[in-house]
Amino acid sequence: MSAFIQSILSEFSTQCSTTETVLVANGNAQAPIMAYHLHVPRIELTVKGTLSMLLPKGEDKIVKCQRPVGTVTYIPAGSWNSPLWGEPVICMSIVFWKQDVGFSISNWDGTQFKEVEKFNLQNSISSVRDRLLELAEILAWAQNHTSETFAHIVYALLNDLLYQITDGMNNHKGPLSLLDEIKSHIDSHYQTDISRESVAGTFNISPGYLSRLFSRESDVKFNEYLKLARISRSKTLLTGTNLKINEVSEKCGFTDTNYFCKVFRDVNDCTPLEYRRKNKGVSL
């Protein structure tokens, strides 16, 4: 995933920073109900096709803009944009959180999202980026017409991100991948009624893409990973508490105790009760 983002940023970084390619959403008009409205700055890149969106400009105006491939839209903290999903388009959103940078690539085929992929550049420290963002936020609200200086600042931000991602890949310690985030989510929510569909919805991707992601990048499939996460927690409860077997089953996300016992035996070659007797008091 980071390689795909790297290729997009690399493509944009080779472009000349012109006032025509950069637009700023810097008005005071109230955001529509479905608008993207965050308290942190964002950048929208049109990767393929033309992205149509509503933007605030001036005191109370809302304008409809056509952002063709290769264009950049800067949304300062507190401002908003509202994409109008019509013609097929691929775009990438970059969100500048306090310590992390979030990337979201949306692939709209004209009727639905084929794939929405997310990626985080976590604990990313860059004094250069901090200073560029500070300057961008100061200047953004005065850009009735994008200045050459502001355009240079935005492209410098993209180049800094490209450097951060490339450096992480070269040092073999890249940021947390989408699959890592999904696994972390499962590890934290195994006890709830989660499913392939609900997890896909949480990460704004299709269930089919989620399955392909596990098949491509993991040793086990989604259902197997969820099952193992639940069984792993059950072993801790069996040895560290006096909960009944049905209570352990429930706390680990199983709705049927008999099914829990069957899965437990398949994984551990013994029943939950046998496992407890052998390992009671052992810290896992």
Side-chain angles (χ1 to χ4, degrees), residues 1-26 36 38 40-53 55 65-77 79-81 83-85 87-97 100-109 113-122 124-137 139-140 143 145-170 174-175 177-178:
M1 180 61 176
S2 57
F4 187 27
I5 293 173
Q6 181 189 33
S7 68
I8 293 174
L9 292 174
S10 179
E11 184 70 24
F12 273 80
S13 70
T14 59
Q15 299 175 178
C16 295
S17 59
T18 67
T19 57
E20 288 77 22
T21 57
V22 179
L23 182 64
V24 187
N26 57 354
Y36 298 141
L38 297 179
V40 292
R42 292 178 291 133
I43 290 177
E44 296 281 348
L45 306 179
T46 307
V47 179
K48 184 177 181 180
T50 298
L51 177 61
S52 178
M53 69 172 80
L55 296 174
C65 303
Q66 303 293 329
R67 307 298 290 150
V69 61
T71 55
V72 182
T73 307
Y74 185 89
I75 301 102
S79 189
W80 57 268
N81 72 309
L84 304 172
W85 302 110
E87 296 299 315
V89 65
I90 298 176
C91 55
M92 182 166 78
S93 301
I94 305 171
V95 184
F96 297 93
W97 303 105
D100 305 340
V101 181
F103 299 85
S104 178
I105 302 175
S106 301
N107 184 352
W108 173 259
D109 69 1
F113 289 104
K114 292 177 64 177
E115 291 176 353
V116 178
E117 304 184 30
K118 294 191 174 185
F119 180 84
N120 277 341
L121 189 60
Q122 294 196 324
S124 171
I125 299 173
S126 170
S127 58
V128 173
R129 185 169 68 247
D130 290 344
R131 181 55 179 157
L132 289 171
L133 276 173
E134 182 182 354
L135 290 172
E137 289 295 288
L139 297 175
Q143 301 299 308
H145 299 285
T146 304
S147 68
E148 186 174 342
T149 298
F150 190 83
H152 281 307
I153 290 172
V154 171
Y155 275 90
L157 274 169
L158 297 179
N159 275 282
D160 182 73
L161 289 173
L162 175 61
Y163 171 79
Q164 290 283 313
I165 290 178
T166 302
D167 185 58
M169 293 173 68
N170 289 341
S177 70
L178 175 59

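The first residue in the sequence is number 1, and the count goes up from there. Only a predicted model underlies this, so the values are computations on that prediction, with no experimental measurement involved.
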Output the distance between atom [atom1] ([X]) and atom [atom2] ([Y]), rounded to the nearest 0.5 Å.
X	Y	atom1	atom2	result
N26	I75	CG	CD1	11.0 Å
R129	F96	CZ	CZ	7.0 Å
S13	D160	OG	CG	12.0 Å
L38	Y36	CG	OH	10.5 Å
I153	L139	CD1	CG	5.0 Å

Identify, with sequence neighbours excluded, every residue that meets side-chain hydrogen bond (donor to acceptor under 3.5 Å, both in side chains) alongside [X].
X	value
T149	none
Y155	Q15, T21
T73	R67
S10	none

Taking all non-hydrogen atoms of both residues, which atom of [X] and which atom of [Y] are closest, and how far apart?
X	Y	answer
P83	L51	CB-CD1, 4.2 Å
W80	A25	O-CB, 3.6 Å
M92	V47	N-CG2, 4.1 Å

Worksheet item: Can I94 and L158 be said to form a side chain to side chain contact (heavy atoms under 4.5 Å, CB included), step by step?
Response: CA-CA 10 Å; I94 305 171; L158 297 179; 3.9 Å; yes

Item to complete: State, with a plain yes or no, whether a side-chain heavy atom of P41 is found less than 4.5 Å away from one of E137.
Response: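 Yes - at least one pair of side-chain heavy atoms lies under 4.5 Å apart.
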
Discussion item. What I'd like to find out is whether the side chain of N81 reaches to under 4.5 Å of the side chain of R42, using heavy atoms alone.
Written reply: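 SC-SC contact between N81 and R42 confirmed.
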
Worksheet item: Is the side chain of S79 donor-acceptor paired with the backbone N or O of P76 at a distance under 3.5 Å, no angle test?
Response: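 No, S79 side chain to P76 backbone: no donor-acceptor pair under 3.5 Å.
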
Worksheet item: With E134, which residues qualify under salt bridge (Lys or Arg N to Asp or Glu O under 4.0 Å), at least two apart?
Response: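 Only R131 meet the salt bridge (Lys or Arg N to Asp or Glu O under 4.0 Å) criterion with E134.
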
Practice prompt. For Y74, enumerate each residue passing the ring pair (Phe, Tyr, Trp, His ring centres under 6.0 Å) test, keeping only those at least two apart in sequence or located in another chain.
Written response: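 Expected list: F150.
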
